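What follows is a single structure, written as structure tokens, with notes after it.
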Amino acid sequence: MIHPVHVDDDVLRTAAPVIQRGTTVLLDDYSAFGRTTPTYGRGGLASQAALRQALCELEGGEGAELYPSGLAAVTGAILSICRTGDEILICDTIYGPTRRFATTTLADYGVSARYFPAAIAMDDLAAMLGERTRLIVLEAPGSLTLDMLDVPGVAALARERGIFTLIDNTYAAGVLFKPLAHGVDISVQALTKYVCGHSDVFLGSAVANGEAAALIKRGSRSMGWAVSADDAYLALRGLRTLHARLARHGDAALEVAAWLQGQPMVREVLCPQLPGTRGHEIFRRHFSAGNGLVTIVLNGPEMAEHAFFNALRLFGLGFSWGGFESLAIPCNGQIRQRSFAAQTGNPAIRLHVGLEHTADLIRELDGALCAFAAAADGNTHTGTGQPAGQTGASTRPGRGAQEDSAT
Ligand SMILES: *Cc1c(COP(=O)(O)O)cnc(C)c1O
């Protein structure tokens with residue numbers, strides 16, 4: 001039974017794209033050697049090609065590469081651009097594991113990194129650029145604190161100096177903001193988040209134009225990342241409903257954020273799509289809408305934050321976002337890793353607003369804020385609004401635990 005499987009060339013057309021699994025590509029005859037491409041499936045067959053094409057259309061790029069995770073897309077694209085002796089400048093509010101990559105592997109390869117605050121003036125950033133500066137790495141809104149950044153301004157400055165720019169565009173999912181249209185060279189996404197959208201796939205992409213597109217293609221070929229046809233299919237399926245899901249997440253987050261803004265236990269709402277918050281003016285200029293992320297800083301000590309988390313039921317306690325479900329994590333452990341972080345001692349909590357009924361989520365947050373208020377008062381075990389049986393364990397997650405699981 002080694003050879004009898006017959007593959008029909010005339011596969012019927014379906015609304016869904018094909019899943020083509022395969023390593024070897026069979027060639028018709030001898031003359032096809034050297035004439036047919038691809039001759040091997042590592043770089044992807046029909047499913048991956050369809051996804052790459054869809055991502056080029058979505059982000060307005062000439063070339064797209066796929067990677068086995070969002071982090072692999074960030075690191076893969078950076079490794080494709082940088083050479084030993086180069087320096088890269090990174091926005092301080094970058095995704096935590098990207099910083100870890102810069103301080104470990106990238107440093108080992110002789111590429112140094114410096115950080116700049118998201119609110120930096122363009123003159124100050126221009127003054128940081130040197131002979132060795134090869135790449136500027138951006139993220140907007142930044143991870144956890146959702147700080148905004150003048151992306152078109154940075155892209156224009158970099159272009160003038162012949163420096164590449166890369167943005168982690170996971171927040172916008174390629175939809176809410178189009179960085180390539182603003183002159184950024186490479187837009188990276190964790191497709192793991194909104195594109196796949198169901199908390200069950202790891203996948204990343206880098207879409208680029210011009211010389212950067214050629215470089216990331218060369219890097220992918222040489223380093224050999226492969227993604228499965230099944231995962232590519234799930235990303236293609238996610239793209240079908242991406243706009244509808246994102247709009248719903250964005251509307252719900254805006255409603256939740258507006259409610260949170262009126263709560264006495266909430267010191268600050270970090271949510272740039274909400275009018276009146278930090279970064280809103282610049283957000284409004286470049287983004288068509290927001291996604292489901294809302295971060296809050298609470299009025300009270302960090303040691304009471306356990307009461308907030310332990311009162312949550314619909315919100316899962318878990319890293320990541322972009323799936324259908326609501327999630328919450330404490331942020332201070334990761335924020336303390338930054339170079340320019342304001343140290344407040346107040347709990348910073350990132351929420352992902354999922355597709356549940358928004359009224360149910362608000363009711364739950366109301367209870368969690370009451371539980372936090374009670375714990376902040378020292379009444380750890382009698383918090384109003386705390387579900388029966390919940391007596392908030394008073395242990396905080398260790399710093400190390402938060403850093404290691406940073407996503
Ligand atoms: C989650 C995330 C990543 C990493 O994606 P993975 O697929 O989990 O590796 C990268 N950047 C940002 C901004 C993210 O939120």
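Only a predicted model underlies this, so the values are computations on that prediction, with no experimental measurement involved. For ligands, and for the atoms within them, numbers begin at 1 and follow the listed sequence. Throughout, residue positions are numbered sequentially from 1 according to the sequence presented.
Within the 4.0 Å heavy-atom cutoff, Tyr171 does not count among the residues contacting ligand 1.
Ligand 1 has a nitrogen or oxygen under 3.5 angstrom from a nitrogen or oxygen of Asp168. At a 3.5 angstrom cut-off on N or O pairs, Ser143 does not count as close to ligand 1. By the 3.5 Å distance cut-off applied to N or O atoms, Leu203 is not counted among the residues near ligand 1. Among the atoms of Val74, none of the N or O lies under 3.5 angstrom from an N or O of ligand 1. For a threshold of 3.5 Å applied to N or O pairs, the pair formed by Lys193 and ligand 1 contains at least one separation below that value.
Two residues are said to be in side-chain contact when any heavy atoms from C-beta on lie closer than 4.5 Å; Val227 and Leu51 fail this criterion. Within the 4.5 Å cutoff, no side-chain heavy atoms of Thr295 are placed close to those of Thr145. Under the 4.5 Å side-chain criterion, counting only non-hydrogen atoms from C-beta, Leu355 is in contact with Arg248.
The Gly70 neighbourhood of ligand 1 comprises atoms 4 (C), 5 (O), 6 (P), 7 (O), 9 (O), with distances under 4.0 Å to a heavy atom of that residue. Listed by atom number, the atoms of ligand 1 under 4.0 Å from Trp321 heavy atoms are 15 (O). Residue-ligand proximity, Thr192 to ligand 1, at heavy-atom distances under 4.0 Å covers atoms 6 (P), 7 (O). The atoms of ligand 1 that sit less than 4.0 Å from any heavy atom of Glu139 are 13 (C).
Evaluation of the ring-ring contact (aromatic ring centres under 6.0 Å, His included) test over residues 193-213, restricted to residues two or more places apart or in two chains, returns Tyr194-His249, Tyr194-Trp321, Tyr194-His352.
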Distance-only check: which donor-acceptor pairs under 3.5 Å involve side-chain atoms of residues 260-273, not counting sequence neighbours?
from: Gln263; atom 1: NE2; to: Trp259; atom 2: O; distance (Å): 3.1
from: Arg267; atom 1: NE; to: Asn299; atom 2: OD1; distance (Å): 3.3
from: Glu268; atom 1: OE2; to: Arg278; atom 2: NE; distance (Å): 3.2
from: Gln273; atom 1: OE1; to: Tyr171; atom 2: OH; distance (Å): 3.3
from: Gln273; atom 1: NE2; to: Asn291; atom 2: O; distance (Å): 3.1

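Arg363 and Asp360 are joined by a salt bridge, as a carboxylate oxygen and a charged side-chain nitrogen come within less than 4.0 angstrom of each other.
Side-chain atoms of Thr192 come within 3.5 Å of backbone atoms of Leu203 as a donor-acceptor pair (strictly under, hydrogens ignored).
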